[in-house]
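Here is how names work: the chains are called A, B, and so on, in the same order as the sequence lines, proteins then strands, and each is numbered from 1. Keep in mind that this is a model prediction, so the values were computed, not measured.
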Amino acid sequence: MVKGHSERWFDIVVFTVLLLAGVAAVFPILFVVSMSLTPYGEVLRNGGYVFIPDSITFDAYHYLLEKTKLPRGLMVTLFVTVIGTSLSLLLTMLMAYPLSRRKLNGRSYILLIILFTMLFNGGLIPTYLTVQQVGLLNTVWAMIIPNAVSAFNLLIMKSFFESLPEEIFESAKIDGAKEWRILTTIVAPLSVPSLVTIGLFYMVQYWNLYFQAVLYVQSSDLYPLQVVVRNILMMNQMADNINPEVTLPTVTLQMAAVVAASLPMIMVYPFIQKYFIKGMLLGAIKG
Amino acid sequence: MAQKIINPTTTHRTPSIHRKRWKEIWSQRSWYYMLLPGFIFFIIFKYFPMYGVMISFKDFDLLEGIWRSPWADPWYKHFEYFFQSTYFTQLLTNTFLISLYKITFGMFPDIIMALLLNECRVLWFKRSVQTLTYMPHFLSWVIIYGISLAFLSETTGLLNRWIQSIGFEAIPFLSSTDWFRSVLVGSEIWKDIGWGAIIYLAAMSSIDPSLYEAARVDGASRFRMIWHITLPSITHVFVLLLILRIGHILDAGFEQIYVMYNIRVYPVADIIDTWVYRTGLEQLNFSLASAVGLFKSFIGLWLVLGANAFAKRWGQGVW
Amino acid sequence: MNKHLKLLQTVLAILLTISLLAACGGNNGTSNNGNDTNSTTDSGTSATNEPREIIDIEMVMSTWGTLRPENDFIADKLKEELGINLTITDEVELMEKLNVRAAGSNLPDLMMFGSANDFRDYAKRGLLTDFTPHLEKLDQVQAFLGQGGFDKATVEGKVYGVAKEPTLRAFSYWIRQDWLDNLGLSMPTTLDEFYEVMVAFTEDDPDGNNKNDTYGLTGSFGGLGAFTPILATLGAAPEYQIRDGELVNFYSDPQLKESLTYIKKLADAKVLDPELTTNSGQRMLEKSFQGMTGAIYSTWADMVKDDRVEVWKTANPDAEWAIVPPFQDHVYGEAVDFKDAGATSGFVAISKAAGSNEEKLNRILELFNYISHDEGLRMVQFGLEGEHYNLDGDKVTPTDKASEAAYSWIYQFMGRPEMSYLSTKFANQADWIERAADLPRITTYNGFVTKLQEVNYADRTRFIEEEFLKFVYDKRDINEFDQFVKELKDTFMLDKEIEHAKQILTELGYLKKM
């Protein structure tokens, strides 16, 4: 009885804290969405913010779709994200598996070499020149290949692989399975949550790609979504010496741009969540 | 004599050990094949451009290019320029402190969030909270600054209106040196708490459920189960993240600070990166930016090496 | 288990397709790179007598998100008239992009620089074409811009570009006329009256909502921007002006001390927006439009353009804004603002590579001439005659299709006749524009003065702003002003900079030789 009591308290605490976290997150989000649906003048009349809009207008979204390069940018970003994530995930998995095996000769040197790139880089210009020499400049691939493997994600995945129980590998070895088969038929299926996590990290990395696009792409037809969005957001920040012909984007438009740019990534999340279920590992072994 | 010094390995290892090692490497060749594509990527896009580090020691000229630009005189000229800035000490302190606060106060909420979500038994509720807390990650700092103005502004902010309505003075959260760093840390936690929890949730999902069942049979409370089963299973991820963040201790979050700071809070908010950026706006100087970057990297490298050595004592090193 | 295997197979299949795609993509890329001789022949479009080879020209600039339509009639016209296939790339991070492209010997043919600093830097490093020898070919540009257009773009004795005329400087204080009326106050004519009005705006509930929720003045603190008309009235202006034949530097000017004293008075009376020091971007306009503050240093383009009026009318139907005329208790003459004689609204330059291709260079010079007079100049302002505007003698009347030509300003590489352009294009605001343009302003010469290599201007700016903040908000006694000037001289070589400025302005003939 006493135990049941404390269990209930535990649940209540968990519930309350999570509720608070949810509320803390939902208010500002509500604010962003409401602002994107309310005309700017109304927002100001209300004192500069709106939580529940009185009247809803989709003008800002219409403007985004018709008067900016957002639709085109969305297509570019979709392409870059889908292709980039698959490529990155594959390369990262191929590297993470051997690196997670402690028996690998030269393992710590290779890890150091990889870690080193997280701290040191050649800088803007040499990297640009490399991309230019490889012939990627002004192609979609310039937004994918120079970021193909992230050292951070690689180390995380390696760390996940390391926590797989050693017995699996031993029994596989006894079966005489080749390394490639161990990776594809044992390690990968057992690591679905971590693969999904790293996949999500890569997906968001490609989705939010901005600076590489600006540097490596010269034709505005190849600009991804974030370049269009950043343009809308930053214009107000550096608004001096601007031509009177330019109509500065209103807060309404800015908020609409943000909603439009992040909505797809948010909608994807619930589908990803279901892979974080307790006991994935066990189920996989038995299955 | 001279030959011995050049090739010391031969003196230490007998040829048979040497051969054995090569044999082992040959037996592991499929692992090396797997490493190869990624390795080529690192060589081409990460290591090859590193000759650019030279820029730090040269007076870089766009027309001449990296190789033909003249060497800086003295070679530490650009480092000196940075060290001799009126604000150097302050910049370093601010960068270090803001980063430290973000690490100490920012990493635990992620874990707590993950633990709570993991413990939550009402599935629909768990999923909704998880999605909601994940959303702010996609807002850029410009927008978050807009939101924080709506809540924290001294004149129009909701929070301040409420504070005033119960009879207190408005608090200048965004323009007071006392509050600004807290706002920086707080807004970053808010932005990334749901995002940061993902990685721990992934780690938790690989815990063997039979461990929990065994503990339950033993009559362990849920708190004890968290302590003895859940937390140990995520320490490796935590230590890894911690070490990597320590390596980037001199990156205190340029974009956030650049969007949010103002003249009043410069003394507590101006960091190395914002200084480099402002200096770069005034005069084109790649060498300075490169030198400062190199300085940051060196500090980061030593810290990472130190932190890893420290973590290895508990068998948690990255390599 | 099986399900996961299937997943893996699909991933592998996708990857295979990618690598195939990558091979094709690579080819596309290389053909777009390089820009020395990518001219293509096109015999179809020959409106001129002799069919000319069409030359591709790439221009990089910041268009602030303005889009050109799919069928860009200006581009078509340029192709037809001059045989130029002009591609304009909008760059958000203009200088970053130009820098890496310069490093990769991949600069575009034409560039528009926003800041004199960057332009001079590029010229000095030999990245731009010196077109001093071709100046006589630019007769129309010369006629349109005068010698000034070349003088401002002269670096180390050579002309490296064309400096566009600056856009109309129209800043002044704007004030809520309806608030003045509500409180029975008249338009302030002196600094003292202005102070009284600001106090009344803060304390006497000008919006009549029975709440103490208004302030006098808002704006931005950076460079004392919000207080410019006060500075101007007292005779101070950033950063170099010539007063009674003497060069005066803003920071060592005793009038700055006077101004700071007055501003401190405003701060002490708590009539300033408490967030004046943190306002950025559009924030101060937002506050003015939502009826929190009654005065702001601003311009017609921010206050009375149609979209703006709609915003503040919606927020506050009673609102009425008026321009505050120059204050009468001035020290060195009426002034509401300053105006830089060396200002431009951009520098157009030709890359070295494009300049060494004679055919291309000639075509570019032709382009410059074409958009500097008659039809070409009208086209970049208003569009096509008969379609977007009608011409009656000298007078341009926009047609109802004029909005289709709204993007034409992008092509104004040589600028435009500012006043006639604005009053035609913004007919609703013509009255405001004229009034704002007529206000007296202190002439400054900042645009001519180059910076000292050895000074870190970022540190200097920070130092100055922090000290101003202390003076205004009572953290430092204003009597320490001389100490402040001395600090500037010791740490940031102010004396040397003033000497340097003196030399430049004497050479240019603005200052008399001693």
Side-chain angles (χ1 to χ4, degrees), chain A residues 39-48 67-69 82-83 86-87 89-90 124-126 128-129 132 134-142 145 184-185 188-189 192 211 214-215 218-220 227-228 230-232 234-239 241-251 284 287, chain C residues 1 4-5 8 11-12 14-15 18 21-22 25-26 28-30 32-33 58 60 63-67 87 89-93 96-97 99-101 103-104 106 108 114 167-168 280-282 286-287 289-291 300-301 305 307 310-316 345-346 406-407 409 422 425-426:
Chain A
Y40 186 44
E42 298 275 344
V43 172
L44 290 186
R45 186 167 62 192
N46 217 327
K67 299 268 173 65
T68 69
K69 290 212 163 184
V82 171
I83 306 294
S86 335
L87 179 70
L89 205 53
L90 181 80
L124 209 60
I125 288 178
Y128 176 88
L129 293 178
Q132 190 181 27
V134 178
L136 293 177
L137 221 55
N138 212 14
T139 63
V140 201
W141 305 104
I145 295 173
T184 49
T185 58
V192 171
F211 203 60
V214 169
L215 285 186
Q218 283 163 28
S219 141
S220 50
V227 175
V228 182
R230 273 285 279 257
N231 207 351
I232 294 170
M234 295 312 284
M235 228 194 284
N236 286 347
Q237 297 292 310
M238 42 186 183
N241 202 9
I242 212 170
N243 272 294
E245 290 91 339
V246 177
T247 305
L248 288 177
T250 59
V251 174
Chain C
M1 217 45 186
H4 294 305
L5 255 174
L8 248 141
V11 169
L12 283 171
I14 291 173
L15 282 164
I18 297 162
L21 270 171
N28 286 342
T30 38
N32 275 338
N33 290 343
E58 191 198 2
V60 165
T63 67
W64 303 102
T66 305
L67 291 185
T87 324
T89 313
D90 177 18
E91 286 297 349
V92 196
E93 315 268 349
E96 243 111 17
K97 186 59 173 282
N99 290 340
V100 289
R101 287 187 69 169
N106 185 23
T167 45
L168 178 74
S280 62
Q282 299 282 297
E286 234 164 69
K287 285 177 173 170
F289 291 166
Q290 75 189 53
W300 69 271
K305 252 168 66 178
D307 58 312
E310 196 198 311
V311 167
W312 54 257
K313 276 284 177 201
T314 318
N316 220 326
S345 59
Y407 71 97
W409 69 269
L422 288 180
K425 198 113 185 180
F426 299 95

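For the pair C:Glu96 and A:Val214, the minimum side-chain heavy-atom distance is 4.5 Å or more. Residues A:Tyr40 and C:Glu310 have side chains not in contact (no heavy-atom distance under 4.5 Å, counting atoms from C-beta outward). A heavy-atom distance below 4.5 Å is found between the side chains of C:Asn106 and A:Leu137. For the pair A:Pro244 and C:Trp300, the minimum side-chain heavy-atom distance is below 4.5 Å.
Using a 4.5 Å cut-off between heavy atoms, A:Lys67 contacts chain C through its backbone alone, with no side-chain atom that close. Residue contact with chain C, scored on non-hydrogen atoms closer than 4.5 Å, involves the side chain of A:Val251 exclusively. For C:Ala315, the parts sitting under 4.5 Å from any heavy atom of chain A are the backbone and the side chain alike. Only the side chain of C:Asp307 comes within less than 4.5 Å of a heavy atom in chain A; its backbone stays farther off. Looking at C:Leu168, neither its backbone nor its side chain comes within 4.5 Å of chain A, counting heavy atoms on both sides. Residue C:Phe426 touches chain A through its side chain alone, counting heavy-atom pairs closer than 4.5 Å.
Taking both residues in full, the closest heavy atoms of C:Thr314 and A:Glu42 are given as CG2-N, 4.0 Å, listed atom of the first, atom of the second, then distance. A:Tyr128 and C:Val100 get closest at one heavy-atom pair: CE2-O, 3.2 Å. Residues C:Gln282 and A:Leu248 approach most closely at NE2-CD1, 3.1 Å, considering heavy atoms. Minimum heavy-atom separation, A:Ile125 to C:Ala103: CG2-CB, 3.4 Å.
Between the CD atom of C:Glu93 and the CG atom of A:Asn231 there is a distance of 9.5 Å, given to the nearest 0.5 Å. Going from atom CD of A:Gln218 over to atom CD of C:Glu58 covers 5.5 Å, rounded to the nearest 0.5 Å.
Among C:Leu67, C:Val60, C:Thr63, the residue with the largest count of heavy-atom pairs under 4.5 Å with chain A is C:Leu67. Interface summary for chain C: among A:Thr250, A:Leu215, A:Ile232, the most heavy-atom pairs under 4.5 angstrom belong to A:Leu215.
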